[in-house]
Asks: 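The structure follows.
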Amino acid sequence: MSSDTIKIEFELPQELFLKGKNITQTLIRAETMKRLAATFYADGSLSLGKAAQIANVSKQDFLDFLSSHNIPLNYDVHELEKDLSIVKEFLQDENSL
């Protein structure tokens, strides 16, 4: 474990995960990390990229997870303006070809 991380161990009720399914400890850990990362993403503590990294999934998979759990994107006007600027720049470059 690196010096910039902490290790937390805790117990959760089985019914949070089992719901009639035969599920492994690996799948339980993966689901727990996605839910934890989503919580920190939702409150603005983590960026999308960092939350996906903590959840150990791609950004697209994390976006799908957020959507399936009705968690809205943290996307503000500043980010929209930045994205629009990138698109505008791209289109100008395309037109100059």
Side-chain angles (χ1 to χ4, degrees):
M1 181 168 40
S2 76
S3 62
D4 60 341
T5 63
I6 59 171
K7 183 176 182 175
I8 300 172
E9 293 186 38
F10 51 94
E11 295 182 19
L12 297 170
Q14 287 183 356
E15 63 265 14
L16 287 176
F17 302 97
L18 298 181
K19 297 182 183 169
K21 300 176 189 173
N22 186 12
I23 190 165
T24 65
Q25 288 294 322
T26 301
L27 291 175
I28 289 172
R29 185 182 190 292
E31 179 71 11
T32 301
M33 293 307 292
K34 284 191 275 190
R35 288 176 181 254
L36 185 61
T39 299
F40 284 116
Y41 171 79
D43 76 8
S45 298
L46 290 176
S47 68
L48 177 68
K50 188 64 175 176
Q53 181 182 9
I54 287 172
N56 199 31
V57 296
S58 70
K59 286 183 186 178
Q60 184 58 57
D61 286 345
F62 193 70
L63 285 168
D64 292 343
F65 180 83
L66 293 173
S67 175
S68 69
H69 289 81
N70 299 315
I71 299 171
L73 294 179
N74 293 336
Y75 194 73
D76 62 18
V77 173
H78 174 71
E79 289 172 306
L80 174 62
E81 289 172 347
K82 182 178 173 186
D83 288 346
L84 289 174
S85 173
I86 291 169
V87 169
K88 183 178 177 181
E89 194 174 302
F90 175 77
L91 291 174
Q92 286 174 347
D93 289 345
E94 285 289 311
N95 289 334
S96 68
L97 292 177

Asks: Quick one: ring-ring contact (aromatic ring centres under 6.0 Å, His included) pairs with a partner in residues 32-56, sequence neighbours left out?
Replies: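 Output for this query is empty, none listed.
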Asks: Going from CD on Gln60 to CG on Leu48, what distance comes out if it is rounded to the nearest 0.5 angstrom?
Replies: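 So the CD of Gln60 and the CG of Leu48 are separated by 9.5 Å.
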Asks: With sequence neighbours left out, what residues match Phe62 under ring-ring contact (aromatic ring centres under 6.0 Å, His included)?
Replies: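 By the ring-ring contact (aromatic ring centres under 6.0 Å, His included) rule, Phe62 matches no residue at all.
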Asks: As an exercise, state the distance from CD of Glu81 to CG of Asp76, rounded to the nearest 0.5 Å.
Replies: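 The distance works out to 9.0 Å.
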Asks: Show every donor-acceptor pair shorter than 3.5 Å between a side-chain atom in residues 49-58 and any protein atom, with sequence neighbours excluded, or say none if there are none.
Replies:
from  : atom 1 : to    : atom 2 : distance (Å)
Ser58 : OG     : Asp61 : N      : 3.0
Ser58 : OG     : Asp61 : OD2    : 3.4

Asks: Give, for atom CG of Asp83 and atom NE2 of His78, the distance between the pair rounded to the nearest 0.5 Å.
Replies: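 Here the interatomic distance stands at 9.5 Å.
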Asks: Could you report the tightest heavy-atom contact between Ile71 and Ala38, atom names first, then the distance?
Replies: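 Of all heavy-atom pairs spanning Ile71 and Ala38, the closest is CD1-CB, 3.7 Å.
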Asks: For the atom pair NZ (Lys59) and CG (Leu66), what is the distance rounded to the nearest 0.5 Å?
Replies: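 Here the interatomic distance stands at 13.0 Å.
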Asks: Suppose we screen for side-chain contact (heavy atoms from CB on, under 4.5 Å). Which residues come up paired with Thr26, at least two apart in sequence or across chains?
Replies: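 Result, side-chain contact (heavy atoms from CB on, under 4.5 Å) vs Thr26: Thr24.
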Asks: Looking at every non-hydrogen atom in both residues, tell me the closest pair between Pro72 and Asn70 and how far apart they are.
Replies: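 So the minimum-distance heavy-atom pair works out to CD-O, 3.6 Å.
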Asks: Once you round to the nearest 0.5 Å, how far does CG of Leu36 lie from CZ of Arg29?
Replies: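 The CG atom of Leu36 sits 10.0 Å away from the CZ atom of Arg29.
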Asks: Could I get the full list of salt bridge (charged side-chain N to carboxylate O under 4.0 Å, His left out) partners for Glu31, not counting sequence neighbours?
Replies: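 With neighbours one apart ignored, the set is Arg35.
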Asks: Could you tell me whether Phe90 atom CZ has more than 12 heavy atoms of other residues or ligands within 6.0 Å of it?
Replies: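 It does not: Phe90 CZ has 12 such atoms or fewer within range.
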Asks: Just verifying a value: how many Å separate Glu79 CD and Leu73 CG, rounded to the nearest 0.5 Å?
Replies: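 Separation between the atoms: 9.5 Å.
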Asks: Taking side-chain contact (heavy atoms from CB on, under 4.5 Å) as the test, write out the residues that go with Phe10, two or more places apart.
Replies: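 Scan of Phe10 (side-chain contact (heavy atoms from CB on, under 4.5 Å), adjacent residues dropped) gives Ile8, Leu12, Thr32.
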